[in-house]
Protein chains: 2
Amino acid sequence: MNPLHLSSQLCFPFYAISKEIIKRYRPLLEPLNLTYPQYLVMLVLWEKDHVTLKSIGERLKLDSGTLTPVVNKLISIGYIEKTRNPEDERQLVIRLTERGQALEKEAEQIPVKTHEIYGLSEEEYEQYKGMLDALSLKLGISSDERECKEH
Amino acid sequence: MNPLHLSSQLCFPFYAISKEIIKRYRPLLEPLNLTYPQYLVMLVLWEKDHVTLKSIGERLKLDSGTLTPVVNKLISIGYIEKTRNPEDERQLVIRLTERGQALEKEAEQIPVKTHEIYGLSEEEYEQYKGMLDALSLKLGISSDERECKEH
DNA sequence: TATAATTATGTTGTGCACAATTTAATTTTA
DNA sequence: TAAAATTAAATTGTGCACAACATAATTATA
């Protein structure tokens, strides 16, 4: 097998599958008026509210250049608010508005539907999950929720 | 486990791993003056030259809106050329220039280095490859090189 | 305790990624 | 065979994604 062939490389299926998944999330997120990266930020906040922009970025592996406009969009929609931490004026503290909190109820149906995207059994799903988490660890991008410190 | 938690969803590791891989490709591709999507187009052309823009898009799962500027960039660098198919003036036929052909020699070292990114043994690498190819099939994005018809 | 280093966020510029639409060429069909 | 449908590519507009840089606040150090 020629190593320069597309079909012998692991990078491409990751790239193609990731894009395809996000494409299939789109119609499911549209009723919530969210894009995929916006949805990720909301997921993090539903897990733990009142966290810094920095900690959201660490969790999602996104830098301020990406996160700042995403957060500003969520603010303009009315799902979140930002304030400075009075004890450290560098830090932005992000929290859910009432509308943002209320949205969680509506979002409960999303994981049910997204689970069906893959066409996998519960066991297969967990197997993929385990393998991807192991690889994330090797790549140094393992997401630890404890990293998201409250403020 | 709360299904709305980031850590219980399969989409995020795919998204994060894909981005991390592409980030690690960057310094390896920089000497060739290629970005990751540009590299993918070159891979397809090194496999089979003289193919339509459409067939490249089918192989890489990219539409004309993404591919047109990527191809135009590769033309401006001088790696490829485009001509219309005289038998069907709608079709763009893409082919490598001499510089584009010569670049394959330099690119031979890339897969050796990218293979090391994952920190996987040969067996593990093939196991991941097999699982991702299976999932690509389920998602209907399995890349068949035979789809790339010559012109 | 000045100054240097670090940190959190924001800004700028480039390059995708894709939906939606347009245009022109080709094919199908009434 | 003229009109309708389809197809390939390009265009437009929005939203990331990230590198590189700027700025302001905080912390460490000479």
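Just so we're clear, the structure is a prediction, and the values are computed from it rather than from any experiment. Computation of the quantities below employed the complete heavy-atom set of this structure, encompassing side-chain atoms and omitting hydrogens, waters and symmetry-equivalent molecules.
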Item to check | CD (Glu30(A)) with more than 12 external heavy atoms under 6.0 Å | outcome: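 Enclosed.
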
Selection from [options] that lies nearest to any side-chain heavy atom of [X]:
X        : options                 : value
Lys54(A) : dT9(C), dA8(D), dA17(C) : dT9(C)
Tyr15(B) : dT9(C), dA17(D), dA9(D) : dA17(D)
Thr52(A) : dG15(C), dA9(D), dT9(C) : dT9(C)

Item to check | Any donor-acceptor N/O pair, Tyr125(B) side chain to Tyr118(B) backbone, under 3.5 Å | outcome: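 Flag not set: sc Tyr125(B) to bb Tyr118(B) has no pair under 3.5 Å.
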
Hey, what do you get for [atom1] ([X]) to [atom2] ([Y]), rounding to the nearest 0.5 Å?
X        : Y         : atom1 : atom2 : answer
Leu29(B) : Arg24(B)  : CG    : CZ    : 14.5 Å
Leu40(B) : Lys61(B)  : CG    : NZ    : 12.5 Å
Leu43(B) : Gln38(B)  : CG    : CD    : 12.0 Å
Lys23(B) : Ile141(A) : NZ    : CD1   : 8.0 Å
Arg90(B) : Leu53(B)  : CZ    : CG    : 13.5 Å

When the distance from [atom1] of [X] to [atom2] of [N] is rounded to whole Å, what number comes out?
X        : N       : atom1 : atom2 : result
Gln91(B) : dA9(D)  : CD    : P     : 6 Å
Leu67(A) : dA17(D) : CG    : P     : 10 Å
Ile94(A) : dA8(C)  : CD1   : P     : 14 Å
Lys73(B) : dG15(C) : NZ    : C1'   : 9 Å
Arg59(B) : dA8(D)  : CZ    : C1'   : 20 Å
Ile21(A) : dA17(C) : CD1   : P     : 15 Å
Leu92(B) : dA24(C) : CG    : P     : 15 Å
Ile75(A) : dT9(C)  : CD1   : P     : 12 Å

Next on the checklist: Any residue in residues 35-42 of chain B with a heavy atom nearer than 4.0 angstrom to DNA chain C? Just list them by number, or reply none.
Outcome noted: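 Thr35(B), Pro37(B), Gln38(B) - these, ordered by number, are the residues of the stretch whose heavy atoms sit under 4.0 Å from the strand.
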
Taking N or O atoms only and anything under 3.5 Å, show me the protein contacts with nucleotides 19-27 of chain D, one pair per line.
residue: dT26(D); atom: OP1; partner: Glu89(A); partner atom: N; Å: 3.0

Checklist entry - Mapping Arg84(A) and Glu20(A) to their closest nucleotides on DNA chain C, which lands nearer the 5' end? => result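 That would be Arg84(A).
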
Next on the checklist: With a 4.0 Å limit, can you tell me whether Thr68(B) has a side-chain N or O closer than that to the phosphate oxygens OP1/OP2 of dA10(D)?
Outcome noted: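 Thr68(B) to dA10(D) OP1/OP2: side-chain N or O found under 4.0 Å.
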
Next on the checklist: If the condition is side-chain contact (heavy atoms from CB on, under 4.5 Å), which residues does Lys129(B) pass it with, not counting sequence neighbours?
Outcome noted: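 side-chain contact (heavy atoms from CB on, under 4.5 Å) check on Lys129(B) returns Leu10(A), Glu126(B), Asp133(B).
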
Next on the checklist: For the aromatic rings, using the six-membered ring if either is Trp, is the centroid distance between Tyr36(A) and Tyr15(B) under 6.0 Å?
Outcome noted: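 Close enough - the centres of the two rings lie under 6.0 Å apart.
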
